[in-house]
Engineer: 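Next up is a structure, given as C-alpha cells.
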Amino acid sequence: MDKLTPLLDRAPTPEAIRQLSPADLPRLADELRAEVIAAAAETGGHFGAGMGVIELTVALHHVFDTPRDRLIWDVSHQAYPHKILTGRRDRIRSIRQRGGLYGFTKREESAYDPFGTAHSSTSISAALGMALARDLTGGDNHVIAVIGDGAITGGMAWEAMNHAGSLPSRLIVILNDNGMSIAPAVGALNDHLSELRKGRLPSVFEGLGFRHEGPVDGHDMNALLAALGRARDSEESGPILIHVVTEKGRGHPFRAPDKEHYHAVPKFDPVTFAFKTAKPNAPTFTQVFAASLIAAAERDERLVAITAAMPSGTGLDIFAERFPHRTFDVGIAEQHAVTLAAGLASEGMTPVCAIYSTFLQRGFDQVVHDVALQRLPVRFAIDRAGLVGQDGATHAGSFDLGYMSMLPGMVVMAPADAAELRRMVATAIAYDEGPIAFRYPRGEASGIDDPQERRPLAIGRGRLLREGGDVAILSLGARLEAVMAAAQDLAAAGIEASVADARFCKPLDAELVEGLARHHPLLVTVEDGAVGGFAAHVLQHLAGRDLLARTRFRALTLPDRFVAHGAPAEQYADAGLDARAIAAAIRAALTV
Ligand SMILES: Cc1ncc(C[n+]2csc(CCOP(=O)(O)OP(=O)(O)O)c2C)c(N)n1
Ligand SMILES: CC(=O)[C@@H](O)[C@H](O)COP(=O)(O)O
Ligand SMILES: [Mg+2]
C-alpha cells in the first residue's frame, strides 16, 4: 500500500500538506481517492459524498491553518477523506465499527473536528457562533463551513445565513453543489443553483448579504486553491459564500451507475469491486411499511405520503413509483414536512409523514403545536426507531417513545414484527380522530407473516402471548423476539414467565397492564427506547391505581447514556437489551 501512496505517506497531517507544493496536490488527491476506495472496500459506509470532495478536502487543509482555522463539515458523512488527512489514516478501516472511528466528525476524536455534526444543516450556525466567539475574544482565525446543496435546503441553514448576512463577522461558507441529496436534490433552491452553475447571477446569497464567489470547478485544484486563497486573504468584513461544483461519487470504481451516486456502499471486493451483500432472510420493516402503504393508498385516494429527503430510506421511493403525484419529497425539512402534513390533514386528506425517529426530533414543536394541539389526523411512520447500528448515537431512534407519548391525544404504536407492522399501518390509516404514530426499527422484520392480514387493531389493546406465574414481561416493539428467547431461557432454569406485547405505548392497555401486575410478583417492561418512554407510562398508571404494592417492577430501557456505534447486536448487548441480558436482569430481580 505504502508504495502506491508516496505523497500521502509523506504528508499524513495538514501541517505536512501545507509544506507540499501546489503542483503536488492533484497527485495527493489521486492517492487520497485511492485510499478512500481501498478503505471503503473493507468497511463500507458513506462513500459518494467523500469521493466528491477529495480535491476540496486537500485544498482546504493546504490553504487554511487547520485546526487553528475551524473547519466544519455539514452532516460530515463526506468527512472520511478529512479523517484520513488529519492523523486518522491508521484507524480509517475501523470506521463505524465498535471501538473504531465514528462515521461523522466528533469533537472527542480529533482537534480537527471542532464541531460534531450528523444531523444536517447545522454547520453555518455553529460556524457563526465560533466566528462571534473569535471576534469577542480578539482572535484572528478563519471559520469555514462546508455545506452541501442538500443540507442547505434545511431551514436552520437559512436562519443562520439570515443572521450572518447582517453581521460584520468574517465567515466562509463553501456550498458543495453536486446536484444530489441522498436522492437527486429537489426544490426551487435546486433550480436556482442550476442557474448559478450556468453563471446566471445575481444569487440569493448576495441578496442575503454574502459576498459570492463561483461557480468554481471543485475538481480543478488550481481553481480551488485560488478561490480559497482569495477568501482567506480578503480584508473585507462579513460572510462570503463560495459556490463549488462537484460530482458526487467522483472516481468510483463500480461498473453499474447508481441512482444515489453511491451515497452509501456495502463492503466490496477491492479487485472486482463486486459488492458483498448478505442475502436477506426477510423483508425489512421499511419494505413492509412501503408495501402496506401502497395497499392502503389503493383504497384511499386521499392518502398522500411525505418524506424529508429520505425517499429510499423510508421506502417512499417504492410508493412514489406507484403514486408519483401523491408523494412529496420536501428536502431536508422535517419541520416543514410535519406542518405540511398538518395542513393536508386539515383539508381532509390522509397524510402519512415518514421520517426517521432521530430526524423527527427536528420537527417536535411542529408535532406539538401544529398537529397534536389541533388534533389533526397526521399519521407518523417513524422509521429507524431504537438503535440503528453503525451510524451510532447521532442517528439512534431513542427518544420518540418519550417525545410522542407525552403529547395529549397522540396514539403511539410499536410493532413487534412484520405482521404487526402491516396491521399498524392499517390501524393508522383507518384512525381519523387525531394524530397517530407507529415506530419501527432499521433492518429485517422477523416473525411469521401473512401479507394479506391487514385488519386494523383495536386502539389501546395489547396481546398476551405466553403465561407463567413467576414473572410477567411486558414488551413494546421489536425487542419481543429477544424477550421470547429470554422467557425460554428462564423456563429452562425453572422460571415461568408470562409474556405480553403491549402494542401501544399510548393509550396503554389498562386491563392487560393491571392484570399482569395483580397476578405476578414481578413485572418487567422491555422497550428499545430511552428512560422516560413506555416504562414511565406503565409505572405512572400502576402507581395511580396503587398497584405497585401488588408487584415488584423493573424497567428495561436503553441506558441513560448515548450508546456507541457498532453492529446492532453489539449495541443491544451493550444496552442490556439482548435476550441474555433480559434473562439475567430478571434472574437478578427474582433473587433480591
Ligand atoms: C436533519 C437530517 N435529515 C436527514 C438527514 C439524512 N441525510 C444525510 S446526508 C443527506 C443528504 C445530504 O445532501 P448534501 O448536503 O447535498 O450532501 P452530499 O451527500 O450530496 O454530499 C441526508 C438527507 C440528516 N443527516 N439530517
Ligand atoms: C448520513 C445520513 O444521515 C444518512 O445517510 C444515514 O446514514 C442513513 O441511514 P440508513 O442507512 O439507516 O438509511
Ligand atoms: Mg449534495
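Residue numbers count from 1 along this sequence. Just so you know, ligand 1 is whichever comes first in the structure, and atom 1 is the first atom listed for that ligand.
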Engineer: If the cut-off is 4.0 Å to any non-hydrogen atom of Gly148, which atoms of ligand 1 fall inside it?
Structural biologist: 14 (P), 15 (O), 16 (O)
Engineer: At a 4.0 Å cut-off, with the gap strictly under it, does some heavy atom of Val388 reach an atom of ligand 2?
Structural biologist: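 So Val388 does not count as touching ligand 2.
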Engineer: What atoms of ligand 1 come within less than 4.0 Å of a heavy atom belonging to Ala309?
Structural biologist: 23 (C)
Engineer: Near Ala49, which atoms of ligand 1 are under 4.0 Å from a heavy atom of that residue?
Structural biologist: 19 (O), 21 (O)
Engineer: To the nearest 10 degrees, calculate the angle at the Mg ion (ligand 3) involving OD1 of Asn178 and O of Met180.
Structural biologist: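 For OD1 of Asn178 and O of Met180, the angle centred on the Mg ion (ligand 3) reads 90°.
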Engineer: For atom 2 (C) of ligand 2, what's the nearest protein heavy-atom neighbour? Residue, atom name and distance, please.
Structural biologist: His395 NE2, 3.4 Å
Engineer: Any idea which of Ala264, Gly48, Ser181 brings a heavy atom closest to atom 13 (O) of ligand 1?
Structural biologist: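 Among Ala264, Gly48, Ser181, the closest heavy atom to atom 13 (O) of ligand 1 belongs to Ser181.
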Engineer: Check each of His263, His119, His82, His395 against His77 using the ring-ring contact (aromatic ring centres under 6.0 Å, His included) test, and report the only one that passes.
Structural biologist: His263
Engineer: Near His263, which atoms of ligand 1 are under 4.0 Å from a heavy atom of that residue?
Structural biologist: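 Reading through ligand 1 atom by atom, the close ones are 9 (S).
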Engineer: Just jot down the ligand 1 atoms closer than 4.0 angstrom to any heavy atom of Met310, in number order.
Structural biologist: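 Near Met310, the atoms of ligand 1 are 6 (C), 23 (C).
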Engineer: Quick one: does ligand 1 sit under 4.0 Å from the side chain of Asn178, the backbone, both or neither, non-hydrogen atoms only?
Structural biologist: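 Under 4.0 Å from ligand 1, Asn178 contributes side-chain atoms alone.
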Engineer: Counting from 1, what ligand 1 atoms have a heavy atom of Glu334 closer than 4.0 Å?
Structural biologist: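 That gives atoms 1 (C), 2 (C), 3 (N), 4 (C) of ligand 1.
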Engineer: Quick one: report the N, O or S atom of Asp149 that is nearest to the Mg ion (ligand 3).
Structural biologist: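 So the atom name we want here is OD1.
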Engineer: For atom 11 (O) of ligand 2, what is the closest protein heavy atom, and at what distance to 0.1 Å?
Structural biologist: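 The closest heavy atom on the protein side is Arg442 NH2, 2.7 Å.
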